[in-house]
Q: 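Take this structure, written in structure tokens, and hold onto it; I'll ask about it next.
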Amino acid sequence: MNGRQDLKSSGGMKIVGGEYGMVRVSGALKVEGTLDCEEMHASGAVKVGGDLRCDGKLAASGAVRVAGSLQSGNIGTSGALEAGGELSCRGALHNSGSLSCGGKLTADEVKASGACRCGGDVHVRELVTSGRFEAANGVEAERFRSSGKLEIKGLLNAEEVDISLCTNSSVDNIGGSKIKVRRDCSFGISFGKPHLDVKSIEGDTVELELTNAEVVRGRFVRIGAGCNIGRVEYTEDLTVEGGTVREQVKNTAN
């Protein structure tokens with residue numbers, strides 16, 4: 001132990017900031033500067049005017065709003081989690097409600113249900129999102145799984161990409177090893193006919209439904225119902241089942 005003093009806030013409290021051990025909040029805590037703590041458990045509202053650094057776990061129900069950057073070991077929140085700058089989590093970040101950061105998002109694992117909005121690059125090992133996911137720049141992951149509305153202004157690059165559509169979505173470009181885009185049948189029905197708009201898709205195995213793309217490249221490519229593809233370039237096999245492909249090109253290895 002480093003001898004830091006614990007902080008307990010019950011009701012309403014305002015502090016200038018500082019270094020603490022365990023921070024427990026029941027009610028409201030306002031921090032005017034930067035807060036550095038070993039662990040935080042909060043029920044209610046936490047507002048930090050500077051950066052928030054939590055060495056261990058950040059667990060909160062309610063709202064945590066940080067004007068600067070947020071760094072933590074593990075994060076588990078229900079409600080609103082906001083960082084004006086970067087959001088960095090060494091372990092798992094689980095949020096139900098709303099999650100947003102103005103800068104880069106880095107974590108080992110992100111699971112978000114509700115609304116997730118990132119103003120910078122996203123670098124994670126695994127990202128699972130349900131609801132609405134928006135990224136102003138690119139997303140890089142080993143595994144990416146999305147259901148709901150998806151908007152990525154940049155490259156989505158992951159070994160495994162699994163996108164379930166229940167509403168219209170868009171990604172600038174998609175790259176990976178195994179890429180699948182399909183209708184979300186989790187509720188048994190779909191509202192209208194959703195689609196994914198993307199400029200290019202490039203992978204090893206590519207399976208698509210309800211996708212509008214200028215170019216699709218892959219070894220094994222399956223174009224399913226509701227697709228409108230300008231050009232498909234493949235090296236092994238192409239199957240077209242109900243979709244439209246305006247140009248097909250088989251590339252042979254030199």
Side-chain angles (χ1 to χ4, degrees), residues 105-112 116 118 121-130 133-135 137-190 192-254:
L105 170 63
T106 58
D108 179 65
E109 175 188 273
V110 175
K111 292 185 178 180
C116 182
C118 303
D121 295 332
V122 178
H123 296 275
V124 297
R125 180 183 59 83
E126 181 174 8
L127 176 58
V128 180
T129 176
S130 59
F133 179 82
E134 298 178 27
N137 292 328
V139 176
E140 186 171 350
E142 291 182 15
R143 289 186 295 274
F144 178 91
R145 188 164 74 248
S146 169
S147 60
K149 188 170 183 64
L150 185 64
E151 293 183 8
I152 298 177
K153 302 293 185 181
L155 172 64
L156 167 57
N157 183 29
E159 283 296 308
E160 298 179 16
V161 176
D162 189 342
I163 298 174
S164 298
L165 295 172
C166 65
T167 187
N168 295 341
S169 297
S170 63
V171 180
D172 279 0
N173 301 284
I174 300 176
S177 178
K178 185 177 181 179
I179 300 169
K180 180 182 289 186
V181 180
R182 54 197 169 90
R183 185 189 298 269
D184 187 351
C185 298
S186 58
F187 297 101
I189 59 173
S190 295
K193 185 175 285 188
H195 62 267
L196 172 69
D197 290 327
V198 58
K199 295 176 183 176
S200 69
I201 299 173
E202 185 166 353
D204 189 32
T205 301
V206 180
E207 299 180 43
L208 304 177
E209 294 179 357
L210 303 170
T211 301
N212 301 325
E214 296 175 11
V215 180
V216 174
R217 299 182 179 95
R219 287 183 61 203
F220 301 94
V221 179
R222 176 187 171 274
I223 305 300
C227 288
N228 188 352
I229 312 298
R231 178 184 174 97
V232 173
E233 300 177 10
Y234 66 102
T235 58
E236 297 290 341
D237 183 70
L238 170 62
T239 303
V240 180
E241 299 175 340
T244 300
V245 176
R246 292 190 291 278
E247 185 179 6
Q248 304 177 14
V249 177
K250 183 171 184 178
N251 296 321
T252 58
N254 294 328

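Not measured: the values here are computed from a predicted model.
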Q: Are any of the side-chain heavy atoms of L150 and V171 separated by less than 4.5 Å?
A: yes
Q: Kindly give the heavy-atom pair with the smallest separation between L105 and C118, and that separation in Å.
A: CD2-SG, 3.6 Å
Q: Take atom CZ in R145; do more than 12 heavy atoms of anything else shown fall under 6.0 Å from it?
A: no
Q: Atom CD in E142, atom CG in L127: separation rounded to 0.5 Å?
A: 12.5 Å
Q: So, do D197 and S169 sit near enough that their side-chain heavy atoms are less than 4.5 Å apart?
A: no
Q: Do D237 and T239 meet the criterion of a side-chain donor-acceptor pair at a distance under 3.5 Å?
A: yes
Q: Is there a side-chain hydrogen bond (donor to acceptor under 3.5 Å, both in side chains) between N251 and R217 once you walk through the steps?
A: CA-CA 10 Å; N251 296 321; R217 299 182 179 95; over 6 Å; no
Q: Under the salt bridge (Lys or Arg N to Asp or Glu O under 4.0 Å) test, which residues partner D108, sequence neighbours left out?
A: R125
Q: Just by distance, do the side chain of N168 and the backbone of H195 share a donor-acceptor pair under 3.5 Å?
A: yes
Q: Mind checking the CZ-NZ spacing from R183 to K193? Nearest 0.5 Å is all I need.
A: 6.5 Å
Q: Once side chain to side chain donor-acceptor pair (under 3.5 Å) is applied, do any residues pair with D172, and if so which ones, sequence neighbours excluded?
A: none
Q: S200 and N173: side-chain hydrogen bond (donor to acceptor under 3.5 Å, both in side chains), yes or no, with the steps?
A: CA-CA 5 Å; S200 69; N173 301 284; 2.7 Å; yes
Q: State, with a plain yes or no, whether a side-chain heavy atom of I201 is found less than 4.5 Å away from one of T211.
A: yes
Q: So F133 and V139, side-chain contact (heavy atoms from CB on, under 4.5 Å) or not? Walk me through it.
A: CA-CA 11 Å; F133 179 82; V139 176; 4.1 Å; yes
Q: Between G148 and C166, what is the shortest heavy-atom contact and its length?
A: CA-SG, 3.7 Å
Q: Can E126 and R143 be said to form a salt bridge (Lys or Arg N to Asp or Glu O under 4.0 Å), step by step?
A: CA-CA 5 Å; E126 181 174 8; R143 289 186 295 274; 3.5 Å; yes
Q: With rounding to the nearest 0.5 angstrom, report the CG to NZ distance, N212 to K199.
A: 14.5 Å
Q: Working to the nearest 0.5 Å, report the span between CG of L208 and CD of E241.
A: 12.0 Å
Q: Just verifying a value: how many Å separate I179 CD1 and E207 CD, rounded to the nearest 0.5 Å?
A: 10.5 Å
Q: Take atom NZ in K149; do more than 12 heavy atoms of anything else shown fall under 6.0 Å from it?
A: yes
Q: Can you name the closest pair of heavy atoms from I152 and N137 and give their distance?
A: CG2-O, 3.6 Å
Q: Once rounded to the nearest 0.5 Å, what's the spacing between atom OG of S146 and atom CD of E151?
A: 11.0 Å
Q: Does R231 pair with E214 as a salt bridge, N-O distance under 4.0 Å?
A: no
Q: Please enumerate all residues that pass side-chain contact (heavy atoms from CB on, under 4.5 Å) together with L238, with sequence neighbours excluded.
A: V221, I223, V232, Y234, V240, Q248
Q: With the side chain counted from C-beta on, respond yes when F144 and I163 share a heavy-atom pair under 4.5 Å apart, and no when they do not.
A: yes
Q: So do the side chains of D162 and R182 get within less than 4.5 Å of each other, counting heavy atoms only?
A: yes
Q: Walk me through whether V161 and L156 qualify under side-chain contact (heavy atoms from CB on, under 4.5 Å).
A: CA-CA 9 Å; V161 176; L156 167 57; 4.0 Å; yes
